[in-house]
Every structure is written in structure tokens, then in C-alpha cells.
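Comments concern the structure below.
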Amino acid sequence: MAAMFSPVFTAVLVVIALALFAFGFRLFSSAARQPTGKKILKTGKPGDPGACPVCGVILEPGQQIRSAVFPGKDNRICHIFGCPACLPFAGGGVQRRCPVCGKSLGADEYLIARVFDRPGKKSHVHILGCVNCRNGAHASP
């Protein structure tokens with residue numbers, strides 16, 4: 001009984017089968033299903049509930065604003081550095097701005113605020129401005 005297919009025809013069929021297998025694997029693998037673009041951040045106005053006062057990005061559950069609250073009684077000074085989207089080295093690509101003067105904030109600049117402790121309620125934060133506009137307000141002529 002003679003061979004049904006020639007060796008060249010068999011080799012071409014094997015190459016085509018391997019190419020189809022590779023294409024199917026790439027198409028249906030989990031790596032191909034992952035999004036390639038950046039995540040779209042929801043933004044609001046600085047001061048909105050749940051929004052970062054520096055960039056205005058709406059914080060997701062579990063995210064926190066990085067700040068430093070200094071010791072005091074019920075009226076304390078606070079430095080607000082930003083959220084995970086706008087911290088200088090996070091690479092979030094959002095614009096950091098002072099909500100008081102509107103100027104852009106550099107990587108080493110932060111907001112100055114006062115924290116008021118209210119018994120039985122959440123603390124109240126009042127943003128006074130950034131290091132530029134606060135220091136400019138108190139500078140001598």
C-alpha cells in the first residue's frame with residue numbers, strides 16, 4: 001500500500017497546525033485578556049467627599065491620603081502630600097494643584113492644613129494653602 005501523503009505535504013500540514021495552535025493559545029490565554037491601557041481615574045473637585053485635595057482623584061476603597069499631623073490639642077497643623085495617584089513618585093500622571101491659589105505643586109511641595117478634633121464626630125480638615133502661597137502670605141515686604 002502506497003503512502004497517502006508525501007513528506008512535503010505532511011510537513012506543510014504540521015507547520016500550519018502549529019501556527020493555528022500558537023494563534024489560538026495567544027488569543028485565549030489569560031495574558032491576552034489583561035488590559036493593556038492605563039486605568040481611567042475618576043476625578044472630582046478638590047474638597048468633594050472622597051476626593052484627593054491635591055489632584056481631585058476620587059479615592060477607591062482602601063486608598064488613603066498621605067499626610068502628617070503634628071501634635072497639639074484640638075487644633076493641629078497637618079501637611080497633606082497627596083493620594084496614591086498623585087504622589088510624586090507614583091507615576092499617576094495627574095496634575096497636582098493647590099486648591100487655594102491654583103498653582104501647580106512640585107514633587108516636594110505639599111498642602112498645609114489645620115485639623116480640628118470634634119468630640120463625638122469626625123475630625124474637620126481646613127486647607128490653608130500650599131507651601132508657596134502660605135509662605136508668601138507670611139513673608140515680610
Side-chain angles (χ1 to χ4, degrees), residues 2-141:
M4 195 172 217
F5 300 114
S6 70
V8 174
F9 185 71
T10 305
V12 169
L13 282 177
V14 168
V15 168
I16 290 173
L18 288 174
L20 286 173
F21 177 74
F23 175 73
F25 181 76
R26 175 141 171 93
L27 185 65
F28 296 111
S29 70
S30 63
R33 285 188 226 143
Q34 293 179 356
T36 57
K38 289 186 176 180
K39 186 175 183 180
I40 298 173
L41 299 172
K42 295 179 185 175
T43 57
K45 290 185 256 178
D48 286 349
C52 174
V54 179
C55 67
V57 169
I58 305 293
L59 299 175
E60 294 180 5
Q63 287 184 328
Q64 294 182 348
I65 295 173
R66 190 171 146 231
S67 61
V69 180
F70 296 97
K73 298 252 178 191
D74 47 337
N75 178 1
R76 300 178 287 168
I77 294 291
C78 174
H79 291 173
I80 300 173
F81 301 103
C83 69
C86 70
L87 286 175
F89 302 108
V94 295
Q95 181 118 18
R96 295 168 42 91
R97 290 197 168 278
C98 173
V100 176
C101 68
K103 294 182 181 175
S104 292
L105 294 177
D108 59 340
E109 296 173 339
Y110 51 87
L111 300 178
I112 301 171
R114 289 207 178 268
V115 178
F116 299 96
D117 293 326
R118 301 183 298 181
K121 297 181 181 179
K122 285 185 171 182
S123 297
H124 175 73
V125 178
H126 180 81
I127 297 174
L128 302 172
C130 64
V131 292
N132 296 322
C133 64
R134 284 302 293 171
N135 289 339
H138 297 296
S140 318

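Please read these numbers as outputs of a predicted model, since none were measured by experiment.
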Can you tell if the side chain of [X] reaches within under 4.5 Å of the side chain of [Y], non-hydrogen atoms only?
X	Y	answer
V54	R97	no
C130	I112	no
F116	R76	no
V115	I77	no
S104	Q95	yes

If every non-hydrogen atom of G56 is compared with every non-hydrogen atom of A51, which pair is closest and at what distance?
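It is O-CB, 4.0 Å.
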Over all atoms of both residues, closest heavy-atom pair of C52 and C86
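Between these two residues, the closest heavy atoms are SG-SG, 3.8 Å.
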List the residues meeting salt bridge (charged side-chain N to carboxylate O under 4.0 Å, His left out) with R114, not counting sequence neighbours, and say none if there are none.
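If we apply the salt bridge (charged side-chain N to carboxylate O under 4.0 Å, His left out) test to R114, skipping adjacent residues, there are no hits.
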Can you tell me how far apart [atom1] ([X]) and [atom2] ([Y]) are? Round to the nearest 0.5 Å.
X	Y	atom1	atom2	answer
C98	Y110	SG	OH	12.5 Å
R66	H79	CZ	NE2	12.0 Å
K122	D117	NZ	CG	14.0 Å
I65	C83	CD1	SG	6.5 Å

Give a yes or no on whether F23 atom CZ has more than 12 heavy-atom contacts from other residues, nucleotides or ligands under 6.0 Å away.
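Count not over threshold, so no.
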For the side chain of R96 and the backbone of F81, is there at least one donor-acceptor N/O pair under 3.5 Å apart?
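Pair found, side chain donor or acceptor close to backbone of F81.
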side-chain contact (heavy atoms from CB on, under 4.5 Å), paired with L111, selected from L105, V100, V131, L128
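In the set L105, V100, V131, L128, the residue that makes a side-chain contact (heavy atoms from CB on, under 4.5 Å) with L111 is L105.
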